[in-house]
Amino acid sequence: MPVDFTAIDFETANSHPSSACAVGMVRVREGRVVDRVEWLIRPPEAHAAFLPFNIKIHGITAEMVSEARDWAGQLAELRDFIGDDVAVAHNASFDMGVIRAACAETITPTPRLRYLCSVQVSRKTYEIPSHRLPLAAEAAGFGEFAHHDALADAEACAAIISDAARRHEAGDVAALAKKTGLRIQQLKAIPLKL
């Protein structure tokens, strides 16, 4: 089915949602990935500690991001890549929480993204024991991938949405949301405490 959207995935340095240290995004047109980008991000000073647990998961260290752009320095490129697309993420509350918290932490405007969660779509589409990204991606026919690599995770997420749209005979992301009983959400800023 000809679904158009952008899939996004973040990795974080620690448990604070503003500590984004990597992003991967894939643009999908007519159900196929047509563009992909990824880059490292230097977390904000107040939340820049890289915890051993997080490093073990994604392999990114403080040294690797020392020369990377900070959140404010990369936000326009992130926003431009997504454009008017619906953003899709696996466990979107986490990824949208990263955007909200990083924007609040750096006092930068929160993009007014529309988004859909591929975990929720997976639950409405596949009969599998768990809807973790590797299992949901496998159900969508997406082979093995480097889980917790931001770009690979975004590509797996894109495969889930494209496959679900085909299975539900949905011509776009809005139709997929409707057919699965879900809603496309709107990202809102965290109110600043001044």
Side-chain angles (χ1 to χ4, degrees), residues 5-29 32-44 47-83 85-103 105-106 108 110-111 113 115-122 131-138 140 142-163 187:
F5 60 91
T6 295
I8 186 167
D9 182 79
F10 288 102
E11 301 300 328
T12 56
N14 54 64
S15 59
H16 197 277
S18 74
S19 70
C21 61
V23 63
M25 295 184 286
V26 295
R27 182 179 295 128
V28 175
R29 293 294 178 263
R32 297 200 184 318
V33 173
V34 297
D35 199 5
R36 36 178 77 74
V37 295
E38 65 179 325
W39 58 78
L40 296 174
I41 302 168
R42 193 172 72 252
H47 302 287
F50 277 73
L51 296 183
F53 177 80
N54 293 64
I55 294 170
K56 186 176 178 182
I57 288 174
H58 52 56
I60 301 167
T61 65
E63 294 75 28
M64 293 168 71
V65 303
S66 63
E67 301 297 318
R69 292 176 289 171
D70 63 8
W71 181 261
Q74 63 82 52
L75 183 58
E77 187 176 346
L78 183 145
R79 199 173 43 239
D80 290 348
F81 188 87
I82 297 170
D85 280 0
V86 172
V88 175
H90 206 70
N91 190 13
S93 62
F94 170 80
D95 297 280
M96 296 304 121
V98 167
I99 295 171
R100 290 177 74 216
C103 286
E105 183 69 31
T106 58
T108 51
T110 301
L113 299 177
Y115 67 92
L116 182 66
C117 179
S118 60
V119 170
Q120 294 176 355
V121 171
S122 176
H131 295 275
R132 291 182 62 248
L133 186 57
L135 289 176
E138 184 180 347
F142 190 77
E144 286 188 29
F145 63 100
H147 189 29
H148 296 300
D149 172 273
L151 184 59
D153 285 1
E155 289 179 330
C157 173
I160 293 164
I161 295 299
S162 294
D163 181 63
L187 183 62

* **side-chain contact (heavy atoms from CB on, under 4.5 Å) against Ala140, all qualifying residues, sequence neighbours excluded** => Tyr126, Ile160, Asp163
* To do: Compare all side-chain heavy atoms of Asp153 with those of Glu11 and state whether any distance is below 4.5 angstrom.
  => yes
* For the residue pair Ser162 and Phe5, establish whether any side-chain heavy-atom pair is separated by less than 4.5 Å. => yes
* Structure fact -> Nearest heavy-atom approach of Ala92 to Cys117 is N-SG, 3.4 Å
* Structure fact -> Residues passing the side-chain contact (heavy atoms from CB on, under 4.5 Å) test with Asp95, sequence neighbours excluded, are Asp9, Phe10, Ala89
* Donor-acceptor pair between Trp39 and Gln74 side chains, under 3.5 angstrom -> yes
* Rounded to the nearest 0.5 Å, how far does CG of Leu51 lie from OG1 of Thr12? -> 8.5 Å
* Heavy-atom check, side chain of Val26 versus side chain of Leu151, under 4.5 Å -> yes
* Heavy-atom side-chain proximity of Met96 to Ile8 below 4.5 angstrom -> yes
* Non-neighbouring partners of Ser15 that pass side chain to side chain donor-acceptor pair (under 3.5 Å), sequence neighbours left out -> none
* To do: For Glu77, enumerate each residue passing the side chain to side chain donor-acceptor pair (under 3.5 Å) test, keeping only those at least two apart in sequence or located in another chain.
  => Arg69
* **Side-chain touch His16/Pro43, heavy atoms, less than 4.5 angstrom** => no
* Measure across Ala158 and Val28 and return the closest heavy-atom pair with its distance rounded to 0.1 Å. => CB-CG2, 3.8 Å
* Candidate pair Asn91 and Ser93, rule side chain to side chain donor-acceptor pair (under 3.5 Å), full reasoning -> CA-CA 6 Å; Asn91 190 13; Ser93 62; 3.1 Å; yes
* Asked: Of all heavy-atom pairs between Ser118 and Val88, which one has the smallest distance, and what is that distance?
  -> CB-CG1, 4.1 Å
* Structure fact -> Note: Phe145 and Ala156 closest approach over all heavy atoms is CZ-CB, 3.7 Å
* To do: Could you grab the distance from atom CG of Asp80 to atom CG of Leu75, nearest 0.5 Å is fine?
  => 9.0 Å
* Structure fact -> Closest non-hydrogen contact found for His58 with Ile60 is ND1-N, 3.0 Å
* Asked: Taking only residues two or more places apart in sequence, or in another chain, which ones meet His131 in a side chain to side chain donor-acceptor pair (under 3.5 Å)?
  -> Ser122
* Asked: Does some side-chain heavy atom of Asp85 sit less than 4.5 Å from a side-chain heavy atom of Arg27?
  -> yes
* Pairing residues for Ala72 by the side-chain contact (heavy atoms from CB on, under 4.5 Å) criterion, not counting sequence neighbours -> Asp70, Thr108
